Engineer: 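For reference, the structure I am asking about is given below.
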Amino acid sequence: MDGIVNVLKPPGMSSHQVVNFMRRLLGIRKVGHTGTLDPGASGVLPLLVGNATRLSNYLMEHEKTYVAELTLGLSTTTQDAAGDTVELNTDFSITPKQLAEVLASFQGTIQQIPPMASAVRVGGRRLYELERQGISIPREPREINIYALNIMRIWHEGETLGFGTRILLRVVCSKGTYIRTLCHDIGEKLGVGAHMSFLSRVSSGPFHSAQ
């Protein structure tokens, strides 16, 4: 069996667990994915089966589209809702215009430092392996591209944005982009802290969640 299976990954499963599930379901060992999704995230995870695994590098080059929820005022160790609280900021007020200006500054070609809780290799070891041992090491920033960063909805009270405000974003980006790091960095630039509270990948290259 050779081909591509467009899987809608549920939250709670790692990308590797999805691959193992499909290996058992299809009865074939040669199955791989085209870019991991965090265990807590859902969405499009194209799997390559049989000889189609040779297309891996080609398909990973495609841009990806995400829907992410950013929550203001709370930073975590993993930059998403799964981590422990690092900083809590309950006393601030920013305007929608300030938010829009900061989001605009992240569009285009930017530098991003991979989080410790990631599969990036440094010195032959995965960063998440070091992070589980309580070890944090310097990481080199990497160049990524944010092609589009749009606000889909904002949940807040009053005219300004304060603690607990949730912002739903649509992000179109290059491979290697960490959306939780993007959310964390937006919070840092706003000066209020933030984390990614939800993530779904709606497309990966030509593969879409509607399919």
Side-chain angles (χ1 to χ4, degrees), residues 9-14 36-43 64-108 110-120 127-128 130-139 141-142 144 146-173 176-202:
K9 188 188 93 63
M13 290 182 74
S14 69
T36 60
L37 266 177
D38 289 341
S42 63
K64 297 170 175 59
T65 303
Y66 296 88
V67 171
E69 183 186 75
L70 179 154
T71 298
L72 297 178
L74 193 154
S75 303
T76 74
T77 52
T78 56
Q79 303 176 344
D80 60 14
D84 297 326
T85 299
V86 172
E87 185 178 357
L88 193 64
N89 186 352
T90 61
D91 185 20
F92 65 86
S93 177
I94 61 175
T95 66
K97 181 181 178 182
Q98 288 175 299
L99 172 64
E101 289 173 347
V102 166
L103 292 181
S105 71
F106 281 90
Q107 295 193 62
I110 63 172
Q111 298 289 318
Q112 186 180 74
I113 298 175
M116 280 302 301
S118 67
V120 174
L127 287 177
Y128 67 76
L130 299 173
E131 191 263 346
R132 288 171 183 171
Q133 298 174 25
I135 301 172
S136 180
I137 63 173
R139 285 95 66 200
R142 303 192 304 177
I144 60 166
I146 305 295
Y147 303 115
L149 180 56
N150 307 114
I151 298 172
M152 299 178 68
R153 185 172 178 181
I154 302 178
W155 291 274
H156 68 108
E157 297 180 2
E159 296 183 359
T160 59
L161 314 181
F163 173 71
T165 294
R166 294 180 295 133
I167 303 158
L168 197 65
L169 300 171
R170 179 180 178 273
V171 185
V172 183
C173 58
T177 301
Y178 285 92
I179 304 300
R180 52 196 160 103
T181 299
L182 177 65
C183 291
H184 170 83
D185 292 348
I186 289 170
E188 290 293 296
K189 192 158 187 176
L190 285 168
V192 303
H195 71 283
M196 184 189 77
S197 44
F198 168 82
L199 180 67
S200 181
R201 186 159 65 194
V202 296

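Keep in mind that the numbers below use all heavy atoms, side chains included, and drop hydrogens, waters and symmetry copies. All values derive from a computational prediction rather than experimental measurement.
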Engineer: Just how far is it from atom CZ of R153 to atom CD1 of I167, taken to the nearest 0.5 Å?
Structural biologist: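 Interatomic distance, R153 CZ to I167 CD1, rounded to 0.5 Å: 13.0 Å.
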Engineer: side-chain contact (heavy atoms from CB on, under 4.5 Å) between K189 and F106: does it pass, once the steps are laid out?
Structural biologist: CA-CA 10 Å; K189 192 158 187 176; F106 281 90; 3.8 Å; yes
Engineer: How many angstroms lie between atom CG of L190 and atom CG of D185, to the nearest 0.5 angstrom?
Structural biologist: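 Answer for the CG-CG pair, L190 versus D185, is 11.0 Å.
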Engineer: Which atoms form the tightest heavy-atom contact between S75 and E188, and what is the distance?
Structural biologist: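 So the two residues come closest at OG-OE2, 4.4 Å.
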Engineer: Would you compute the distance between atom CD of E87 and atom OG1 of T76 and round it to the nearest 0.5 angstrom?
Structural biologist: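 Taking CD in E87 and OG1 in T76, the distance rounds to 11.5 Å.
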Engineer: More than 12 foreign heavy atoms under 6.0 Å from CD of E159: is that the case here?
Structural biologist: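 Counting other residues, nucleotides and ligands, CD of E159 stays at 12 neighbours or fewer.
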Engineer: Can you see which heavy atom on A194 is nearest to which on C183, and at what distance?
Structural biologist: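 Minimum heavy-atom contact is CB-O, 3.7 Å.
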Engineer: So how far is it from Q79 CD to D38 CG, rounded to the nearest 0.5 Å?
Structural biologist: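 Spacing of CD (Q79) from CG (D38) equals 10.0 Å.
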Engineer: Do R180 side-chain atoms and T78 backbone N/O form a donor-acceptor pair below 3.5 Å?
Structural biologist: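 Yes: the side chain of R180 pairs with the backbone of T78.
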Engineer: In this structure, which one of L161, L72, T160 forms a side-chain contact (heavy atoms from CB on, under 4.5 Å) with L99?
Structural biologist: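 When side-chain contact (heavy atoms from CB on, under 4.5 Å) is applied between L99 and each of L161, L72, T160, only L161 qualifies.
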Engineer: Testing the basics here: between I154 and H156, what is the closest heavy-atom pair and its distance to 0.1 Å?
Structural biologist: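 Reported closest heavy-atom pair: CG2-CD2, 3.3 Å.
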Engineer: Keeping H195 on the side-chain end and A81 on the backbone end, is there a donor-acceptor pair under 3.5 Å?
Structural biologist: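 Checked: no pair found.
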Engineer: Can you measure from CZ (R201) to OG1 (T65) and round to the nearest 0.5 angstrom?
Structural biologist: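 Atom-to-atom, R201:CZ and T65:OG1 are 10.0 Å apart.
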Engineer: T77 and G83: which non-hydrogen atoms are nearest, and at how many Å?
Structural biologist: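 Heavy-atom minimum between the residues: OG1-CA, 3.5 Å.
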Engineer: How many angstroms lie between atom CD1 of I179 and atom CZ of F198, to the nearest 0.5 angstrom?
Structural biologist: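 Separation between the atoms: 12.5 Å.
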Engineer: Counting distance only, does the side-chain N/O of R142 pair as donor-acceptor with the main-chain N or O of G176 below 3.5 Å?
Structural biologist: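 Between the backbone of G176 and the side chain of R142 there is a qualifying donor-acceptor contact (under 3.5 Å).
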Engineer: Would a 4.5 Å heavy-atom cut-off, applied to side chains only, mark L169 and I151 as touching?
Structural biologist: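 L169 reaches I151 side chain to side chain.
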Engineer: Keeping D80 on the side-chain end and A82 on the backbone end, is there a donor-acceptor pair under 3.5 Å?
Structural biologist: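 The answer is yes, because a donor-acceptor pair under 3.5 Å joins these two groups.
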Engineer: For P39, does its backbone N or O pair with a side-chain atom of K9 as donor and acceptor, under 3.5 Å?
Structural biologist: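 Present.
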Engineer: With distance as the sole test, does S197 use its side chain to make a donor-acceptor pair with the main-chain N or O of E69 at under 3.5 Å?
Structural biologist: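 Answer holds: yes.
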Engineer: Minimum heavy-atom separation for P11 and S42, please, with both atom names.
Structural biologist: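 Result for this residue pair: CD-CB, 3.7 Å.
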Engineer: Check whether any side-chain N or O of Q112 sits under 3.5 Å from a backbone N or O of T177 as a donor-acceptor pair, and report yes or no.
Structural biologist: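 No; judged by distance alone, with no hydrogens or angles, the pair does not exist.
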Engineer: Which heavy atom of W155 sits nearest to which heavy atom of L168, and what is that distance?
Structural biologist: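 Smallest heavy-atom distance, with atoms named: CZ3-CB, 3.8 Å.
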Engineer: Can a donor-acceptor pair be found, under 3.5 Å and without considering hydrogens, that links the side chain of T90 to the backbone of F163?
Structural biologist: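 Looks like no, no N/O pair under 3.5 Å.
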